[in-house]
Amino acid sequence: MKLSDIRTALRELRLSPAKTLGQNFLHDQNLARWIVDQAQITADDYVVEIGPGLGALTCFVLEKGARVLAIEKDTRLANFLRARFTHRRFEVLNIDALKFDPRSLFAHRRVKLVGNLPYNISSALLLKFLEPPSAISLGLFTLQKEMAMRLSASPSTHDYGALTLRVQLHQRVKYLRTIHATVFFPRPEVDSAVVRLLPRDALELPQRDDQLLLKLIRAGFSQRRKQSRKLLREYVSDWDTASRHLNIDPNVRAEELSLLQWIALANFIAPPPSPDARLAQNEQFPVVDKNDRILRHASRSEVHGNNLRHRAVHILIFNQAGEVYLQQRSRWKDRHPLKWDSSAAGHVADGERYDDTAQRELNEELGVRVALQKIAKLPASQYTDQEFIWVYRGSISGDLVPNKSEIEQGAFLPPSVIDGWTSSRPEDFAPGFLECWEAYRRKTQPGSS
Ligand code: SAM
């Protein structure tokens with residue numbers, strides 16, 4: 001929209017732009033088009049736009065043929081947008097974007113997040129939408145220039161800090177260009193900049209304990225001028241040994257450590273588990289016939305190598321909110337590494353009954369023991385890797401203690417989100433889980449037997 005159109009629209013809406021909502025409207029149409037082009041949007045994309053305002057970017061996103069979900073807090077603007085864009089591909093949600101549940105986006109195959117963000121909440125928005133597991137495949141944002149520089153900063157620069165590392169841990173951030181304040185009405189006090197964020201590949205960075213890493217980073221940057229040896233004393237008692245091991249200056253400050261060095265420090269404090277120890281043990285499993293009767297016993301490699309029928313359990317653990325814990329399988333697994341799977345799962349071992357295995361796996365993988373209820377038995381087939389599977393469910397009220405040698409990461413998700421995710425991106429899941437989830441939903445959804 002041209003500046004004159006913006007003024008007219010605001011007058012008609014009786015809207016005087018609110019600073020608290022970061023209401024600065026872009027009136028340079030060439031720039032708006034350029035910004036949208038940087039998101040490489042196609043008709044296959046589902047684009048979420050935060051803070052669409054009067055639709056400066058929205059019109060160019062719609063031109064690309066994509067579906068658009070626009071989240072606008074201001075009711076007058078939301079209504080204006082509904083009247084301006086009547087495409088079936090366009091939907092407006094008149095809510096605070098901080099209250100939107102981004103997990104629902106897993107129901108779409110390819111999701112891009114764009115926005116000229118309200119500056120006062122831009123870091124909260126970014127963290128909320130991009131924290132893993134995130135459905136977003138690309139983020140393109142106009143931010144306050146200072147924030148854009150913090151997100152894209154390199155070590156040993158003024159802008160490099162805890163936020164830089166928190167975002168760069170999962171995203172590659174590119175500063176695309178600076179935008180002068182004059183292209184907005186009303187004109188903000190500071191310049192802006194456009195950044196593009198692309199999620200890192202799962203194996204791009206070494207395995208690590210993210211919780212510990214983020215604690216270290218927070219402590220390290222709590223007093224910028226102090227040396228890390230002092231700020232991290234609680235975590236590293238022998239700093240000289242640590243700095244020698246990591247080949248860093250013993251007097252280093254937080255801002256001088258790269259992301260990889262921070263990860264190396266976390267891994268020095270808590271070395272990541274080595275590849276699943278159980279894989280090395282050449283476990284023995286019962287081999288069964290088509291009626292699940294035991295024929296003999298064989299090693300894991302023989303069972304899997306020759307596609308022999310065997311037995312397994314899958315367990316779905318629910319929290320008090322009715323959400324299911326899904327685990328992402330460790331990068332070291334011999335089968336389906338990094339795929340999402342049931343809360344816990346495993347093979348029935350020699351001398352075990354299904355129920356024994358379920359309790360053992362639950363304890364080994366999630367560190368809990370709870371009463372389990374049998375849900376369904378699946379036949380061995382190509383879809384279950386020739387496993388007969390008993391599916392169990394259980395509930396917890398406390399915390400899980402995920403075993404890091406088996407689990408890359410995990411998350412509690414509402415069943416409706418899992419329904420959407422499994423149908424939009426089945427390749428994200430271990431095939432056995434898809435079978436188990438379908439069986440579970442058949443049993444538990446209204447109208448099921
Ligand atoms: N995209 C438009 C443009 O470029 O002209 C407007 C950008 S303006 C910087 C920020 C927009 O975010 C405003 O329309 C404002 O009403 C909206 N907004 C502010 N806080 C919001 C929130 N918490 N959730 C959703 N929208 C919000």
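Whatever order the structure lists ligands and atoms in, that order sets their numbers, starting from 1.
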* Asked: How about Asn30 and Arg33: does a side-chain donor come under 3.5 Å of a side-chain acceptor?
  ->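 On atom types as modelled, these side chains do not qualify, holding no pair under 3.5 Å.
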
* salt bridge (charged side-chain N to carboxylate O under 4.0 Å, His left out): which pairs involve residues 133-151, sequence neighbours left out? ->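 Counting only pairs at least two positions apart or across chains, no salt bridge (charged side-chain N to carboxylate O under 4.0 Å, His left out) contact touches residues 133-151.
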
* **All pairs passing salt bridge (charged side-chain N to carboxylate O under 4.0 Å, His left out) where residues 15-25 contributes a residue, at least two apart** =>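 Counting only pairs at least two positions apart or across chains, the salt bridge (charged side-chain N to carboxylate O under 4.0 Å, His left out) contacts touching residues 15-25 are Lys19-Glu189.
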
* To do: Could you pull out every protein residue that has a heavy atom closer than 4.0 Å to ligand 1, ordered by chain and then number?
  =>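 Correct list: Leu21, Gly22, Gln23, Asn24, Phe25, Leu26, Glu49, Gly51, Pro52, Gly53, Ala56, Ile71, Glu72, Lys73, Asp74, Leu77, Ile95, Asp96, Ala97, Asn116, Pro118, Ile121.
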
* Between Tyr440 and Phe318, is the ring centre distance below 6.0 Å? ->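 Aromatic pair counts; centres sit under 6.0 Å.
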
Donor-acceptor pairs under 3.5 Å, side chain of residues 106-117 to any protein atom, not counting sequence neighbours: which ones?
unit_1: Arg109; atom_1: NH1; unit_2: Ser424; atom_2: O; d: 2.8
unit_1: Arg109; atom_1: NH1; unit_2: Glu427; atom_2: OE1; d: 3.4
unit_1: Arg109; atom_1: NH1; unit_2: Glu427; atom_2: OE2; d: 3.0
unit_1: Arg109; atom_1: NH2; unit_2: Glu427; atom_2: OE2; d: 2.9
unit_1: Arg110; atom_1: NE; unit_2: Asp45; atom_2: OD1; d: 2.6
unit_1: Arg110; atom_1: NH2; unit_2: Thr42; atom_2: OG1; d: 3.1
unit_1: Arg110; atom_1: NH2; unit_2: Asp45; atom_2: OD1; d: 2.8
unit_1: Lys112; atom_1: NZ; unit_2: Ala39; atom_2: O; d: 3.1
unit_1: Lys112; atom_1: NZ; unit_2: Gln40; atom_2: O; d: 2.7
unit_1: Lys112; atom_1: NZ; unit_2: Asp45; atom_2: OD2; d: 3.0
unit_1: Asn116; atom_1: OD1; unit_2: Thr142; atom_2: OG1; d: 2.5

* For the pair Lys215 and Glu234, find out whether any cationic side-chain nitrogen is under 4.0 Å from an anionic carboxylate oxygen. =>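 Result for this pair is no, no salt bridge flagged.
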
